[in-house]
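Have a look at the structure below before the remarks.
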Amino acid sequence: EAMPTDPRPYLWMGNFLRQEGHAAQAVEVLQAGIEVMSNTHPDWRLIQEVGLAHADAGDEPAAIRNLEQVVEILASRGSLDLPPETATRLATLHEKSGQIARAADLYAMLAEGSDSEGRFGYYNQAGRLLEQMGMRDEARRMLLRARELVPDDPEARERFQARLKALEG
């Protein structure tokens, strides 16, 4: 009430509600925040939170729409370093809806981003999806990049090496 034209309180409250498992209520609060948000400089974090809340509430088409809008806003600002929470959720939703190529693109973008801790998983997921699409050469390239980042676990390395060998054969 003290800041009726500032979308940040809506963002904070919506995030809190979503984290507490109240996704439908979070969507309502976040939609109110979008209504007061500037159209000339939209806050992608508010749109991201709406998308995540929609996903948590089971409204996958709305989640995809909002999360894709975040990607578009960031790309229009020259940034392809996507927030991992946005891109991984969006990739999961796209894969579930049959849009495997878009999911693979998102994982490939994440692999090139600043989240170095998740890089192995991103390359691995992109390779898995590309392999599923029959794009063996591209899948192999992703998996070769992932191979350099395999966790220091002999069993994991062995499973990964077998997977790469099967892809080559």
Side-chain angles (χ1 to χ4, degrees), residues 11 14-15 17-19 21 23-24 26-27 30-31 34 42-151 153 155-169:
L11 172 62
N15 178 270
L17 289 168
R18 184 177 68 82
Q19 297 295 331
V27 168
L30 294 162
Q31 286 300 137
I34 286 178
D43 187 341
W44 64 265
R45 297 169 306 163
L46 187 61
I47 299 166
Q48 169 186 265
E49 196 60 42
V50 172
L52 295 171
H54 276 299
D56 288 352
D59 187 352
E60 294 175 3
I64 289 171
R65 251 189 334 275
N66 282 281
L67 296 175
E68 281 291 356
Q69 187 178 357
V70 171
V71 174
E72 289 172 23
I73 289 169
L74 293 174
S76 74
R77 295 177 182 173
S79 175
L80 293 178
D81 190 9
L82 303 177
E85 188 175 20
T86 295
T88 55
R89 181 68 71 93
L90 185 55
T92 300
L93 292 168
H94 277 306
E95 183 177 2
K96 187 176 177 184
S97 72
Q99 300 297 315
I100 295 170
R102 180 62 177 149
D105 287 344
L106 289 163
Y107 283 122
M109 289 170 66
L110 281 168
E112 299 299 321
S114 63
D115 181 20
S116 58
E117 297 219 358
R119 198 163 282 144
F120 167 74
Y122 304 145
Y123 279 127
N124 194 29
Q125 290 291 353
R128 176 184 64 80
L129 293 169
L130 289 165
E131 183 179 5
Q132 188 177 333
M133 293 168 38
M135 301 176 77
R136 296 175 67 84
D137 290 339
E138 291 83 356
R140 185 174 177 278
R141 275 194 291 275
M142 287 293 166
L143 294 177
L144 285 171
R145 291 177 184 158
R147 181 176 65 185
E148 302 304 317
L149 305 167
V150 172
D153 172 358
E155 289 180 23
R157 284 193 178 279
E158 189 175 313
R159 282 192 312 270
F160 195 80
Q161 200 59 33
R163 184 173 164 210
L164 243 174
K165 190 172 185 166
L167 186 60
E168 291 173 355

Ion pair check, Arg89 and Asp56, cut-off under 4.0 Å | yes
Between the CG atom in Asn66 and the NE2 atom in His54, the distance rounded to the nearest 0.5 Å is 5.0 Å
Grab the two heavy atoms, one from Leu30 and one from Leu11, that are nearest each other, plus how far apart they are.
-> CD2-CA, 3.9 Å
For the atom pair CD1 (Ile100) and CD (Glu131), what is the distance rounded to the nearest 0.5 Å?
-> 12.0 Å
Should we count CE of Met109 as having more than 12 external heavy atoms under 6.0 Å?
-> yes
Search all heavy atoms of Leu80 against all heavy atoms of Ala75 and return the closest pair with its distance.
-> CD2-CB, 3.8 Å
Decide yes or no for Tyr107 and Asn124: does some side-chain heavy atom of the first lie under 4.5 Å from some side-chain heavy atom of the second?
-> no
Closest non-hydrogen contact found for Ala26 with Ala53 is CB-CB, 4.0 Å
dist Leu93:CG -> Leu67:CG (nearest 0.5 Å) comes out at 7.0 Å
Near Arg45 CZ, under 6.0 Å, is it more than 12 heavy atoms from other residues, nucleotides or ligands?
-> no
Apply the side-chain contact (heavy atoms from CB on, under 4.5 Å) test between Leu143 and each candidate in Leu164, Leu130, Val150; give the one that qualifies.
-> Leu164
Tightest non-hydrogen contact, residues Ala55 and Ala63, listed as N-CB, 3.5 Å
Euclidean distance, Glu68 CD relative to Thr86 OG1, rounded to 0.5 Å = 10.5 Å
State, to 0.1 Å, how close Gln48 and Pro83 come at their nearest heavy-atom pair, and which atoms those are.
-> OE1-CB, 3.5 Å
Does CD belonging to Gln19 count more than 12 external heavy atoms closer than 6.0 Å?
-> yes
Test item: Arg147 side-chain N/O and Gln161 main-chain N/O as donor-acceptor pair under 3.5 Å | no
Atom pair CG/CD of Asn15 and Glu49 - distance to nearest 0.5 Å = 4.0 Å
Quick one: pull up CG in Leu129 and CD in Glu95 and give me the separation to the nearest 0.5 Å.
-> 4.5 Å
Check whether any side-chain N or O of Arg119 sits under 3.5 Å from a backbone N or O of Ala111 as a donor-acceptor pair, and report yes or no.
-> yes
For Asp115 and Leu110, what are the C-alpha separation, side-chain angles and deciding distance, and is it a side chain to side chain contact (heavy atoms under 4.5 Å, CB included)?
-> CA-CA 7 Å; Asp115 181 20; Leu110 281 168; 5.7 Å; no
Residue pair Ile47 / Glu72, side-chain heavy-atom distance below 4.5 Å | no
Shortest non-hydrogen contact between Ala126 and Ala104, atoms and distance | CB-O, 4.0 Å
Under a 4.5 Å cut-off applied to non-hydrogen side-chain atoms, are Gln69 and Ile73 in contact?
-> yes
Looking at Arg145, Glu112, Glu148, which one forms a side chain to side chain donor-acceptor pair (under 3.5 Å) with Tyr123?
-> Glu112
